[in-house]
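Keep in mind the model is a prediction, meaning the values are calculated, not measured. Protein chains get the first letters and strands the later ones, always in sequence-line order, with residue 1 at the start of each.
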Protein chains: 2
Amino acid sequence: MKGYDARDFPPVAVTVDLVVLTIRADRLSTLLVRRGGPPYQGRWALPGGFVHPDEGLAAAAHRELAEETAVGAPAVHLEQLGSYGEPRRDPRMRVITVAHLVLAPDLPAPVAGSDAAAARWCPLAELEPGKLAFDHRQILADGLERARFKLEYSPVATAFCPPEFTVAELRRVYEIVWGVGLDPRNFHRKVTGAAGFLAPVGRTTTRDGGRPAQLFRRGDATVLRPPMLRPASS
Amino acid sequence: MKGYDARDFPPVAVTVDLVVLTIRADRLSTLLVRRGGPPYQGRWALPGGFVHPDEGLAAAAHRELAEETAVGAPAVHLEQLGSYGEPRRDPRMRVITVAHLVLAPDLPAPVAGSDAAAARWCPLAELEPGKLAFDHRQILADGLERARFKLEYSPVATAFCPPEFTVAELRRVYEIVWGVGLDPRNFHRKVTGAAGFLAPVGRTTTRDGGRPAQLFRRGDATVLRPPMLRPASS
DNA sequence: ATAATAGTGTCTCTTAGACAATATTTC
DNA sequence: GAAATATTGTCTAAGAGACACTATTAT
């Protein structure tokens with residue numbers, strides 16, 4: 001069983017798929033492409049494609065992201081989400097896909113790729129569950145759950161914000177991704193008190209109205225201790 | 001780039017590798033096999049093997065585990081850890097491996113597989129870092145970090161225990177995996193107070209000496225809220 | 001009785017959450 | 001001034017950690 005001769009086995013293809021989450025007009029949205037050919041022709045799907053011969057998995061994910069959104073690597077958070085390889089998830093052949101999760105600030109309109117007839121940002125609330133191709137409904141659900149969970153114990157929420165942001169803008173990220181309301185005063189105290197979460201820029205902005213708010217950049221912490229606690233409801 | 005014709009690409013092989021963690025003689029240990037052929041002949045490696053044509057990823061991981069340890073699925077915790085696919089991680093051909101993490105109670109001695117010259121439980125403290133084949137040092141490190149982290153917010157620590165266990169035995173799991181000492185009294189209060197973590201069996205045991213201890217089974221919670229907090233040191 | 005481990009109670013300190021109060025802007 | 005948002009302060013309840021104390025077994 002471990003002869004390591006690939007010719008003993010039928011062909012396998014390896015792809016990367018992307019769950020790209022962003023916040024547009026106060027709604028959590030994901031990037032979808034409409035499939036231009038069979039199977040699932042005309043259905044919406046997660047963006048993705050083959051891993052090239054001399055390319056690592058993360059590199060393939062970054063390349064696909066750039067092809068679809070013209071967004072460079074440094075501006076977003078990208079992490080591996082998990083691999084999906086049920087034998088018949090693609091009716092044509094054995095395809096194992098390595099899904100990646102991307103958290104990004106509000107990005108420009110997407111670019112339709114060569115194989116995709118169209119691409120768009122779809123608010124998650126408007127997505128009919130059964131409408132995605134392949135097992136992409138499950139992958140999207142897993143990505144959303146991962147994002148919600150990571151907001152608790154890591155500073156990735158800042159990936160949804162522009163490079164400089166206010167506490168209120170960061171709070172809106174938590175409220176939208178978690179679907180809850182948070183007390184602005186307690187949130188402010190907690191987030192500014194968490195070591196390494198935020199680095200003050202030293203300037204202020206009034207773009208949200210009212211009293212000027214401090215601008216922050218993301219700090220250098222990789223983990224939040226203690227974590228941000230999601231209200232008990234969910 | 002998305003023609004979905006596998007013949008456009010050179011062959012790729014997909015394997016599963018296993019990070020199997022258990023506690024033997026109060027030491028955290030992992031299952032290793034000695035490689036019987038090149039490359040890395042004679043070196044220790046994580047157990048693993050090819051994904052079969054009609055087999056899902058989790059099924060392949062369970063099969064490899066059973067081949068190596070003669071352990072059935074229900075007794076252990078198995079989850080996908082992540083995929084590793086740097087282009088030249090295997091010198092022979094492009095191999096993408098889907099690593100899985102297994103947490104198991106103390107198991108019998110391993111069985112050498114067909115391709116492995118030998119198999120053994122290796123205490124992590126005795127493992128020389130540079131001695132593992134391929135990128136298995138990194139995979140093992142990632143698995144260990146995942147296990148340490150999951151002990152905080154999930155009840156997986158019970159996977160290291162036999163079906164019925166005492167609070168003290170569970171505490172030893174935390175102490176050994178985290179490498180810290182925990183106060184038995186506070187631990188007891190916390191773990192018995194966490195909803196769904198433990199289900200009392202109603203019987204007691206004196207196998208640890210002293211006053212008889214309540215026996216527990218794992219409860220039905222999948223997440224611990226609030227989490228078990230690891231002491232600040234690390 | 002002594003040793004060993006199990007389990008409970010109590011105290012203090014920190015933190016979460018509710019919410020009052022103050023500060024600084026625009027209109 | 002009125003409205004809006006930012007930020008600080010105060011109170012209370014819950015939980016973490018330190019540790020005294022009691023309980024139940026084996027020898």
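Taking a 4.0 Å limit (strictly below) on heavy-atom distances, residues 182-191 of chain B reaches DNA chain D at B/Asp183, B/Arg185, B/Asn186, B/Arg189, B/Lys190. Contact check of residues 150-163 of chain A against DNA chain D (heavy atom, cut-off under 4.0 Å) returns no residues at all. Against DNA chain C, the stretch residues 202-211 of chain B makes heavy-atom approaches under 4.0 Å through B/Asp208, B/Gly209, B/Gly210, B/Arg211.
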Check against salt bridge (Lys or Arg N to Asp or Glu O under 4.0 Å), A/Arg172 and A/Glu175: CA-CA 5 Å; A/Arg172 289 299 293 156; A/Glu175 291 179 331; 2.9 Å; yes
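Heavy atoms of other residues, nucleotides or ligands lying less than 6.0 angstrom from CD of B/Glu164 number more than 12.
Not counting sequence neighbours, the partners of B/Arg146 by the side-chain contact (heavy atoms from CB on, under 4.5 Å) test are B/Glu79, B/Leu81, B/Leu101, B/Lys150. Remark: B/Pro184 pairs with B/Arg171 by the side-chain contact (heavy atoms from CB on, under 4.5 Å) rule, at least two apart or across chains. In this structure, the side-chain hydrogen bond (donor to acceptor under 3.5 Å, both in side chains) partners of B/Gln138, at least two apart in sequence or on a different chain, are B/Asp142. Residues forming a side-chain contact (heavy atoms from CB on, under 4.5 Å) with B/Asp106 (at least two apart in sequence, or on another chain): B/Arg24. Every residue two or more places apart in sequence or in another chain that forms a side-chain contact (heavy atoms from CB on, under 4.5 Å) with A/Pro123 is listed here: A/Arg27, A/Ser29, A/Glu126. Qualifying side-chain hydrogen bond (donor to acceptor under 3.5 Å, both in side chains) partners for A/Arg120, counting only residues two or more places apart in sequence or in other chains: none.
Think of the region where chain A sits on DNA chain D: with heavy atoms and a 4.0 Å cut, that region ends 5' and 3' at D/dA4 to D/dT10. Close approach of DNA chain C to chain A, defined as any atom under 4.0 Å from a non-hydrogen atom of the protein, starts and stops at C/dA16 to C/dT25.
Contact record, A/His77 with A/Ala159: CB-CB, 3.6 Å, taken as the closest heavy-atom pair. Across all their heavy atoms, B/Leu229 and B/Trp178 have their closest contact at O-CZ3, 3.9 Å. Minimum heavy-atom separation, A/Arg207 to A/Leu215: NH2-CD2, 3.7 Å. In terms of heavy atoms, B/Phe197 sits closest to B/Ala221 at N-CB, 4.2 Å.
Applying the salt bridge (charged side-chain N to carboxylate O under 4.0 Å, His left out) test to every pair with at least one member in residues 127-137 of chain A, sequence neighbours left out, gives these pairs: A/Arg89-A/Asp135.
Remark: aromatic rings of B/Phe187 and B/Tyr174 are close, center separation under 6.0 Å. For A/Tyr153 and B/Phe149, the ring centers are positioned less than 6.0 Å apart.
Map B/Pro212 and B/Pro226 each onto its nearest nucleotide of DNA chain D; the residue landing nearer the 5' end is B/Pro226.
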